[in-house]
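Everything below concerns the one structure shown next.
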Number of protein chains: 4
Amino acid sequence: MILNVDLSADVPIYQQIRDQVVEAIAHGALTEGSPLPPTRTLAADFGVNFHTVNKAYDLLRQEGLIRLSRGTGAVVTAAATDQVLPSDWTARARTLLAEAVARGISPDEVLRTCQTLLTSFGPAKQEDTR
Amino acid sequence: MILNVDLSADVPIYQQIRDQVVEAIAHGALTEGSPLPPTRTLAADFGVNFHTVNKAYDLLRQEGLIRLSRGTGAVVTAAATDQVLPSDWTARARTLLAEAVARGISPDEVLRTCQTLLTSFGPAKQEDTR
Amino acid sequence: MILNVDLSADVPIYQQIRDQVVEAIAHGALTEGSPLPPTRTLAADFGVNFHTVNKAYDLLRQEGLIRLSRGTGAVVTAAATDQVLPSDWTARARTLLAEAVARGISPDEVLRTCQTLLTSFGPAKQEDTR
Amino acid sequence: MILNVDLSADVPIYQQIRDQVVEAIAHGALTEGSPLPPTRTLAADFGVNFHTVNKAYDLLRQEGLIRLSRGTGAVVTAAATDQVLPSDWTARARTLLAEAVARGISPDEVLRTCQTLLTSFGPAKQEDTR
DNA sequence: GTGGTCTAGACCACT
DNA sequence: GTGGTCTAGACCACT
């Protein structure tokens with residue numbers, strides 16, 4: 001897993017780390033049981049404060065995507081069993097999609113973009129077993 | 001246009017108002033030139049301070065979705081002419097979609113949800129059944 | 001003189017009219033004594049309210065660039081005799097130039113842009129006398 | 001960094017603060033990572049309400065020039081990487097320059113003034129005379 | 001009558 | 001201790 005943080009971006013660093021872990025899980029680069037780098041290692045790599053990485057991991061834990069334990073470190077949790085999108089996700093999606101449409105982009109074009117983004121996730125899961 | 005604010009939600013009230021205006025524009029409930037309620041009127045309807053509505057309107061103005069002038073009040077701006085999704089929109093969409101997939105929802109299911117949300121926007125204009 | 005107003009722009013229409021008259025004078029398309037179109041004519045051409053054009057003309061009058069009289073209509077005033085830039089102009093220029101530099105554009109590049117804009121004004125004054 | 005606000009000027013106080021921070025960045029008095037004074041401290045210094053400073057900082061944040069976070073306060077963002085002047089900047093510059101020329105100032109004189117203003121920005125970085 | 005600005009003061013969220 | 005949000009109320013600018 002390769003993470004990149006942009007120290008000068010307007011998105012908080014902990015949020016960037018959280019987002020990239022989420023995307024890595026979606027891509028299948030991280031699967032159930034995959035260990036995440038120790039917070040201190042990651043912090044050293046990025047040259048950021050240890051607490052910043054800690055905060056990202058804590059966010060992911062709150063979202064139920066990773067498990068933290070003293071000995072084992074951080075590992076990816078099994079995907080949730082319930083297959084319904086939480087209503088707050090739908091609300092955020094509605095607003096985001098509305099934003100594009102309100103700016104004059106056609107719904108078709110927006111959907112195509114979503115499809116492109118989604119297909120970039122799916123395939124990785126069929127872990128190539130050569 | 002029907003707006004609802006949830007005073008106890010963790011999303012700031014001004015953001016909720018902004019989001020709902022964006023959605024109303026996407027739905028076609030508000031179109032180019034449509035007047036928005038005066039800040040103070042809307043504030044009274046919601047039982048919130050007019051400054052809160054003011055901030056929402058100011059956000060929308062900065063996003064180029066509405067125009068504000070003292071005498072005339074707030075009116076919806078024409079949709080932008082450029083039809084490309086800004087890269088920052090795509091980045092936000094990528095993260096949001098990844099979040100659903102990382103939670104174990106299948107990409108197909110996520111796409112269907114997006115499609116449902118999007119069709120609730122577009123059709124309003126094609127609704128004439130002649 | 002050809003004026004264009006963008007009804008959907010975020011810049012107020014009266015401001016757009018004012019700006020374009022200023023630019024026409026700078027270009028030499030309008031010189032001392034040149035008549036401006038009657039406000040009602042211009043308003044009809046643009047499909048805007050008569051008061052909007054009126055406001056633009058009043059702004060120009062306050063700036064000393066045109067003269068208004070009931071019979072004669074609006075005519076361009078002689079260029080001011082004092083050849084110094086008012087301090088408030090310099091202040092506005094300072095802020096505008098600083099904005100570009102603060103965003104990482106090199107001062108040289110900014111100056112070149114100013115020069116290009118300025119040379120587009122000058123030549124027109126040598127009214128071709130064929 | 002030395003800031004001055006003129007309470008009796010027609011330019012809003014929050015705009016004056018915003019402009020001066022922009023100029024300080026252009027001058028190199030504030031560089032990437034430089035902390036800005038806490039909103040409440042600055043407000044006390046000027047004898048204005050902290051909300052006024054807040055609005056100025058919020059503007060700067062939206063322009064991407066500073067970053068705000070609760071614990072850390074306000075710090076200057078890295079300069080943008082793209083080196084092109086946005087078209088809206090050029091439009092504003094065109095109008096401003098036209099204004100000077102329309103008042104009878106020679107384009108050469110205007111350009112010289114721009115150059116003087118610009119050289120007051122750049123050199124701060126090259127000032128090391130080793 | 002409309003939005004725009006500013007003051008004053010409270011409480012909250014995050015560090 | 002820092003910014004973020006919200007309320008309450010005043011006065012101003014422009015239509």
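Each chain gets a letter, A, B and so on, in the order the sequences are listed, and its residues count up from 1.
DNA chain F is contacted by both B:Val11 and B:Arg40; B:Val11 maps to the nucleotide lying nearer its 5′ end (nearest heavy atom per residue). Residue whose closest nucleotide on DNA chain F sits further toward the 5' end, between D:Ser69 and B:Gly71: D:Ser69.
For F:dC14, the base has no donor-acceptor partner in the side chain of C:His51 [N/O atoms by modelled type, under 3.5 angstrom].
Candidate nucleotides F:dC6, F:dA8, E:dC6 were compared by shortest atom distance to the side chain of B:Ile13, and F:dC6 ranks first. For D:Thr52, taking side-chain heavy atoms from C-beta onward, the closest of the listed nucleotides F:dG3, E:dT7, E:dT5 is E:dT7.
When the P atom of E:dG4 is taken as reference, atom CZ of B:Arg61 falls 7 Å away, rounded to whole Å. Going from atom CD of A:Gln15 over to atom P of E:dC14 covers 12 Å, rounded to whole Å. Here the P atom of nucleotide F:dA10 and the CG atom of B:Asn49 are 13 Å apart, to the nearest Å. Between B:Ile66 atom CD1 and E:dG4 atom P there is a gap of 9 Å when expressed in whole angstrom units. A straight line from CG of B:Leu42 to P of E:dT2 spans 12 Å, rounded to a whole angstrom. Distance, D:Arg70 CZ to F:dG1 C1': 13 Å, rounded to whole Å. The distance between atom CZ of B:Phe50 and atom P of F:dC11, rounded to the nearest whole Å, is 13 Å. In this structure, B:Leu59 atom CG and E:dG4 atom C1' are separated by 16 Å, rounded to whole Å.
Not one side-chain nitrogen or oxygen of D:Thr72 sits closer than 4.0 Å to the OP1 or OP2 atom of F:dT2. Here B:Tyr14 does not reach the OP1 or OP2 of F:dC6: none of its side-chain N or O atoms lies under 4.0 Å away. The side chain of B:Asn54 contributes no N or O atom lying less than 4.0 Å from OP1 or OP2 of E:dG3. The phosphate of E:dC6 (OP1 or OP2) has no side-chain N or O of D:Lys55 nearer than 4.0 angstrom. Side-chain nitrogen and oxygen atoms of B:Tyr57 include none within less than 4.0 Å of the OP1 or OP2 phosphate oxygen of E:dG3.
Although no hydrogens or angles enter the test, the distance criterion places no donor-acceptor pair under 3.5 Å between the side chain of B:Thr31 and the main chain of B:Gly28. Between the side chain of B:Gln16 and the backbone N or O of B:Asp6, at least one donor-acceptor pair lies under 3.5 Å.
Figure legend. F:dT5 is base-paired to E:dA10; pairs are counted as Watson-Crick or G-U wobble with both atom distances under 3.5 Å.
Taking both residues in full, the closest heavy atoms of D:Leu85 and C:Ala100 are given as CD2-CB, 3.6 Å, listed atom of the first, atom of the second, then distance.
Ion pair B:Asp58/B:Lys55 not flagged as a salt bridge, since none of the NZ, NE, NH1 or NH2 atoms sits closer than 4.0 Å to an Asp/Glu carboxylate oxygen. Under 4.0 Å is where a charged nitrogen must lie from a carboxylate oxygen, and between D:Arg67 and D:Glu32 no such pair does.
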